[in-house]
Structures are given as C-alpha cells and as structure tokens.
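Source: prediction; values computed, not measured. Just so it is clear, the values below take in all heavy atoms, side chains as well, and ignore hydrogens, waters and symmetry mates. Proteins come first, then strands; the chains are lettered A, B, ... in the order of their sequence lines, and each starts at number 1.
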Protein chains: 2
Amino acid sequence: MADHSEFNIGELAREFGVTTRTIRHYEEIGLLQPMRRGQARIYSPADRTRLKLILRGKRLGFSLDESRAIVDLYDPARGNKEQLQALLARIQQQRDKLNAQLTDIKQMLSSLDDAEESCRKALKKARKQEKKQTKTQANKKGKT
Amino acid sequence: MADHSEFNIGELAREFGVTTRTIRHYEEIGLLQPMRRGQARIYSPADRTRLKLILRGKRLGFSLDESRAIVDLYDPARGNKEQLQALLARIQQQRDKLNAQLTDIKQMLSSLDDAEESCRKALKKARKQEKKQTKTQANKKGKT
DNA sequence: TTAGAAATTTACGTTTACGTAAACGTAAAT
DNA sequence: ATTTACGTTTACGTAAACGTAAATTTCTAA
C-alpha cells in the first residue's frame, strides 16, 4: 500500500491537494501516462514527479501547455545537436521568465512593507482616537 | 498628448502590451473606473498604476479577483481598528504566498541548472560522435 | 470638409481548466 | 451477499478572461 514504488490516483490526489478529476484531466491532455492494472491507473514515482512539477508550474501561473514544455525541459527526447541547442535556448528562456517573476515578487513584497507601515500608522492614530473617546466617556460617567 | 497627467485607452494598451478589450474588461468587472470626457475614457496616473499592479499580478498567476484584493491592500478603504487589523492579516497572507512562490521559483531555477548541465554533457558527446564521423568519412574519402 | 484612424457599445464566441452527474466495475470488510 | 469505498468512462456544464465582429461615433490631419 505505502511502499512508494507505485501510487493510485486517490493517493496522489490527497498528497497534492487536487481532485482525481484534475489528475485524469492531465492524462486526457497527455501530461501523464500512467500504467494500467486492469482498468485502474497505476502511477510510478516518475509520474508522481511529473505531477509535482506540473502543479509547481500552476502555482507560478503557468498554463498546462507551458507546464508541459517545462517538464519536457527536464525530461527531453534527447536528440541531435540542433535539438540540444534548441533545448539550451528554451532553458535560458525559462530562466529569463523566472527571473522576471522574481523581480515582480520582490517589488510586491516591498510594496507590502509600505502598505503594512502605513497601516500600522493608521492603527496608532485609531488607538489614540479611542483613548480620547474613553476619557470623554469617563468624564461623562463622572458627571452622571 | 504626452503630458502624463492623463492617458487614453490606446496609450495604456500600447504601454503595457495588452488590448483595449482587456482594459475595458477590467472596467466591466470593476477593477478600473476611469473618468469620461463625453464617451471617451480618460485614465489618471492612479488608474495607470492600478492597471500596472493588476498586470503584475497576472504575470504571477493571480486571478483578477486576487489582483483586486491585492490592489485593495495598497489602496484600502481605511476603516476602523478591526478593519485595519484584518488588513494587516491580509498583508501577511499575501507575503506568505509570495514567499511560497519565491521558493518554487528558486527550486525551478536550480532544476534548470541541472537540466542545462546534462544538456551540455549530451552536447559534448554529440560533438565527439560527430568528430568520429568526420574522421571516418575522411578515411573513406582517402580510400576513394 | 472629408477621409481615415481610433474610439465607443453590444453581444455572441472561444479557450483553458477543470466540475459534475450518470451509470457502472472492483475489492475488502461485515 | 451486501454495504462501503474506492475506481472507471462518457459527456455535458461552467467560470474566468478575454477575442472578435458589427455597427456607430468622434477626432484629427490633410
């Protein structure tokens, strides 16, 4: 059951937090090609890794077609010299894209710092206002 | 025209590499609310910034609804203490998500390094094979 | 002032990435 | 033997994010 030499669809779905429908969908479009035992799909550790890569791509906003291309970078149909050169180029393109995302993320994180700061300032003001209110109310009570 | 105090839809579309349809779509779902001069849409620098933030979110794979939430982080309806606290929490959540993406990207970049290395090795082999071929052909020519 | 470029609205179409329902097979436990 | 908990195929549905076409108006430069 848990020997980790093979997996069934439910195990993978649970592990990665997706539905079985999702995994079957990836098979429909040729992203996964598990073995069969009778009707049932049997996933190898390599299949599991492919799925993991696809889902990582998803988290970064890649389409399934882009993810397919990415997976192919790691597990290419090793061909002739021209194909290897082309592969190198695609690897570099992918790197460029990821580095662009890095830039975007860093900018966003820095903006978040600003947002947090101005938020904290607003909170301090709000607290001050609150104290004033409390004092006023205390006075009122005193007068009562 | 280019005084940068206002923009029309075509200028923004060109600047950010999207179609006017896209920008109008963002208006349809309430992400942008440009002024009107007659029928024509007039975008302020603030509108332009919003658009820039939305598109940055898109590049990172966020849905338009997520992008809306992100933009609201920077430009919130400054409310009471509870709302400010909630805002702080959302800011932190967003930070967490971005940091998770950072991890994914770093892992991908490292995998790309591996892929490139194995690709370069394969290339060297291919070149060696080529040299052998060349020599053989040279021999053949010599024999001819 | 008139052609042409760029703007507008309306509305239906398309792609991606699954969701969902129906109808059924399989295997283990009771 | 039947319930339970998976699995399967088939096929239509759907939400998001625009694309695209048509018909119209509005600027702008010659």
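Across the strands present, D:dT3 finds its partner in C:dA28; the criterion is a Watson-Crick or G-U wobble pair with both atom distances under 3.5 angstrom. The nucleotide D:dA30 finds its pairing partner in C:dT1, both defining distances of the Watson-Crick or G-U wobble pair being shorter than 3.5 Å.
As rounded to whole Å, 10 Å separates atom P of D:dC18 from atom CD1 of B:Ile54. Rounded to whole Å, the distance from CD on B:Glu11 to C1' on C:dA7 is 12 Å. In this structure, the CZ atom of B:Phe62 is 15 Å from the P atom of D:dC18, given to the nearest Å. The separation between B:Asn8 atom CG and D:dT26 atom P is 16 Å, rounded to whole Å. Between B:Ile9 atom CD1 and C:dT9 atom C1' the separation is 12 Å, expressed in whole Å.
Using a 4.0 Å cutoff on non-hydrogen atoms, the parts of residues 40-49 of chain B near DNA chain C are B:Ala40, B:Arg41, ordered by number. Within residues 63-72 of chain B, the residues having any heavy atom under 4.0 Å from DNA chain D are, by residue number, B:Ser63, B:Leu64. Within residues 13-38 of chain A, the residues approaching DNA chain C are A:Thr19, A:Arg21, A:Thr22, A:His25, A:Tyr26, by heavy-atom distance under 4.0 Å.
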Step by step, work out the side-chain contact (heavy atoms from CB on, under 4.5 Å) result for B:His4 and B:Arg48.
-> CA-CA 10 Å; B:His4 292 176; B:Arg48 178 173 165 280; over 6 Å; no
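Side-chain atoms of B:Gln101 and A:Arg59 form no donor-acceptor pair, as typed in the model, at a separation below 3.5 Å.
Salt bridge status for B:Glu27 with B:Arg21: absent, with no side-chain N to carboxylate O gap under 4.0 Å. Ionic pairing of B:Arg95 and A:Asp113 is present here: one or more N-O contacts between side-chain nitrogen and carboxylate oxygen are shorter than 4.0 angstrom. Salt bridge annotation for B:Arg68-B:Asp65: present, with a cationic side-chain nitrogen under 4.0 angstrom from a carboxylate oxygen. Ionic pairing of A:Glu116 and A:Arg120 is present here: one or more N-O contacts between side-chain nitrogen and carboxylate oxygen are shorter than 4.0 angstrom. Salt-bridge annotation for A:Glu66 and A:Lys58: absent, with no side-chain N of the basic residue lying under 4.0 Å from a carboxylate O of the acidic one.
A distance-only check finds a donor-acceptor pair linking the side chain of B:Asp47 to the backbone of B:Ser44 [under 3.5 Å].
Expressed to the nearest 0.5 Å, how far CD1 of A:Ile91 lies from OH of A:Tyr74 amounts to 8.5 Å. In this structure, CG in B:Leu32 is found 11.0 Å from NE2 in B:His25, a value given to the nearest 0.5 Å.
Heavy-atom neighbours of A:Arg37 CZ from other residues, nucleotides or ligands within 6.0 Å: at or below the threshold of 12.
The shortest distance between the side-chain N/O atoms of A:Lys58 and the OP1/OP2 oxygens of C:dA17 is not below 4.0 Å.
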